[in-house]
Amino acid sequence: MGYGELRVPTAIAVTGADMALPAQDERTLPAVVLDGLDRQPLDHSLAVLQTLIDQHGHVVVVYSRAVPPAVDQRLRTVRSLLESDRIALFQPDLPPLGLAVLARQLRQLASCDLSPGVLASAGRLLTHYLHAGALLGSVAKLDRVPVGLKQHAKSWVPGSQFAVLAHPQPQLVRITPDTTLVGPEFATSMLVARGQLPSDWVSGSLAKSWRIQGLREAPLPAESAEWWGTGRLIEFCAFLPDLSVLYQLVTSVRQNICHWCGIDVIGDRCVFCSATAPVTPVPQHQQHQQHQQQPRHQLPAG
């Protein structure tokens, strides 16, 4: 795997240091941590984002729907005031740990020869390959996954624990000796973040039933208790760790040109300018030219 010409990679930003996971491999780029946006003067936030644009060209901010509303408002205000189509605000419906994993995958891909639009669009694609959930001591305040009346009632029984999968398909089951969740049909690694719930079910039973090939632990993100409705939890996320696999997934999808801002994207919506269809497929001869001109530091497609 070689490295070609140096280029400035797209910046991948997160809204807290706990969302900047340790590097998955030697090519994973550092995350830009935009901490305390709701506590800083607006001028400071403007200066930080403008500097990132000047240095990197484009910025993708990956953040949770459980962040304080003031953080979300500050990001949208800054993007509007800068009148910039170079800032993508990406807020997928993932639990915090799953979101941190996704941000790290984008940091891995940022070292490759992907254009900013394709890299930003890749976030939506890669969410489909994440299995994110938690073991909860209570579902009484859980409102992000459907909870039945019986499950709410059982939540008040002392010692009850619930296995919940929030993504890609919601599942909720009460823990019994035979409990399992429908998991990925492909090889994955797992990241586990422990809250205030003593249990080995995730690292033992679940990891075994999902045939996890590598398991590591991380600190519980600050927003997890808000997202899951309780601090008595163990959050987990199964994911594809291999950069070459991630790269192949992204580059196998047809690219389009955004009709509004003109950048390359995958999917039907530009993450930078928010324009939707119509989009124009990249002509076959242009794709061939792009393939012939790929930098040497591109990963092999396999």
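Values below: all heavy atoms of this structure, side chains included; hydrogens, waters and symmetry mates excluded. None of the values given here were measured: they were computed from a predicted structure.
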Worksheet entry | Pair R27-Q108, side-chain contact (heavy atoms from CB on, under 4.5 Å): steps then yes or no | CA-CA 6 Å; R27 293 187 56 144; Q108 289 177 272; over 6 Å; no

Discussion item. With clusters defined by side-chain heavy atoms of hydrophobic residues (ILVMFWY) lying less than 4.5 Å apart, directly or transitively, does L197 cluster with L215?
Written reply: yes

Item to complete: With rounding to the nearest 0.5 Å, note down the distance linking NE2 in H167 to SG in C237.
Response: 9.0 Å

Worksheet item: T180 and S209: side-chain donor and acceptor closer than 3.5 Å?
Response: yes

Worksheet item: Between D178 and T176, do the side chains contain an N or O donor and an N or O acceptor separated by less than 3.5 Å?
Response: no

Item to complete: For the pair D264 (side chain) and V118 (backbone), establish whether a donor and an acceptor sit closer than 3.5 Å, ignoring hydrogens and angles.
Response: no

Worksheet entry | Shared hydrophobic cluster for L246 and I266 (ILVMFWY, side-chain gaps under 4.5 Å) | yes

Worksheet item: Would you find a donor on one side and an acceptor on the other, under 3.5 Å apart, between the side chain of Q91 and the backbone of S64?
Response: yes

Fill in: side chain to side chain donor-acceptor pair (under 3.5 Å) against T51, all qualifying residues, sequence neighbours excluded
none

Fill in: No-hydrogen, no-angle side-chain donor-acceptor test under 3.5 Å, Q161 and W201
no

Worksheet entry | 4.5 Å side-chain heavy-atom contact, M190 and L206 | yes

Distance-only criterion, 3.5 Å: show the donor-acceptor pairs between side-chain atoms of residues 126-136 and protein atoms not counting sequence neighbours.
from : atom 1 : to   : atom 2 : distance (Å)
T127 : OG1    : R124 : O      : 2.7

Worksheet item: Under 3.5 Å, is there a donor-acceptor pair linking the side chains of R104 and Q24?
Response: yes

Worksheet item: Which residues pass the side chain to side chain donor-acceptor pair (under 3.5 Å) test with S252, sequence neighbours left out?
Response: none

Practice prompt. State, yes or no, whether a side-chain contact exists between L172 and V139 at a heavy-atom distance under 4.5 Å.
Written response: yes

Worksheet entry | Side chain Q105, main chain F239, donor-acceptor under 3.5 Å | no

Worksheet item: Shared ILVMFWY cluster between L102 and L191, side chains joined below 4.5 angstrom?
Response: yes

Fill in: Least distance between heavy atoms, A23 atom then T28 atom
CB-CB, 3.7 Å

Practice prompt. Nearest 0.5 Å please: distance from the OG1 atom of T10 over to the NE2 atom of H56.
Written response: 9.0 Å

Item to complete: Indicate yes or no: at least one non-hydrogen side-chain atom of S199 is less than 4.5 angstrom from one of I234.
Response: yes

Worksheet item: In terms of hydrophobic clusters joined by side-chain contacts under 4.5 Å, are W228 and V67 together?
Response: no

Practice prompt. Quick one: list whatever passes side-chain contact (heavy atoms from CB on, under 4.5 Å) with P68, sequence neighbours left out.
Written response: D38, V71

Fill in: Any donor-acceptor pair under 3.5 Å from R86 side chain to I53 backbone
no

Discussion item. Between R107 and I12, is there a side-chain heavy-atom distance shorter than 4.5 Å?
Written reply: yes

Worksheet entry | Gap between atom CG of D242 and atom CG of D25 - 0.5 Å precision | 8.0 Å

Worksheet item: Which heavy atom in I212 sits nearest to a heavy atom in A238, and how many Å separate them?
Response: CD1-CB, 4.2 Å

Practice prompt. Keeping the roles fixed (side chain from R144, backbone from W227), state whether a donor-acceptor pair exists under 3.5 Å.
Written response: yes

Worksheet item: Do S45 and R74 have side-chain N/O donor and acceptor atoms under 3.5 Å apart?
Response: yes

Worksheet item: How does the hydrophobic cluster around L29 look, that is, which other residues are in it when side-chain heavy atoms under 4.5 Å mark a link?
Response: none

Worksheet, complete the sentence: Between the OG atom in S111 and the OH atom in Y247, the distance rounded to the nearest 0.5 Å is 10.0 Å

Worksheet item: Do E235 and S224 have a side chain donor and acceptor closer than 3.5 Å?
Response: yes

Fill in: For the student: nearest non-hydrogen atoms of L99 and P92, plus distance
CD1-CG, 3.3 Å

Response to the item:
Rounded to the nearest 0.5 Å, the CG atom of L181 sits from the OG atom of S205 at a distance of 11.0 Å

Practice prompt. Keeping the roles fixed (side chain from Q40, backbone from D35), state whether a donor-acceptor pair exists under 3.5 Å.
Written response: yes

Worksheet item: Do we see a donor-acceptor contact under 3.5 Å between the side chains of S244 and Q248?
Response: no

Discussion item. According to salt bridge (Lys or Arg N to Asp or Glu O under 4.0 Å), who are the partners of R76, at least two apart in sequence or on a separate chain?
Written reply: D72

Practice prompt. Would you please say whether a donor-acceptor pair under 3.5 Å links the side chains of S160 and R174?
Written response: yes

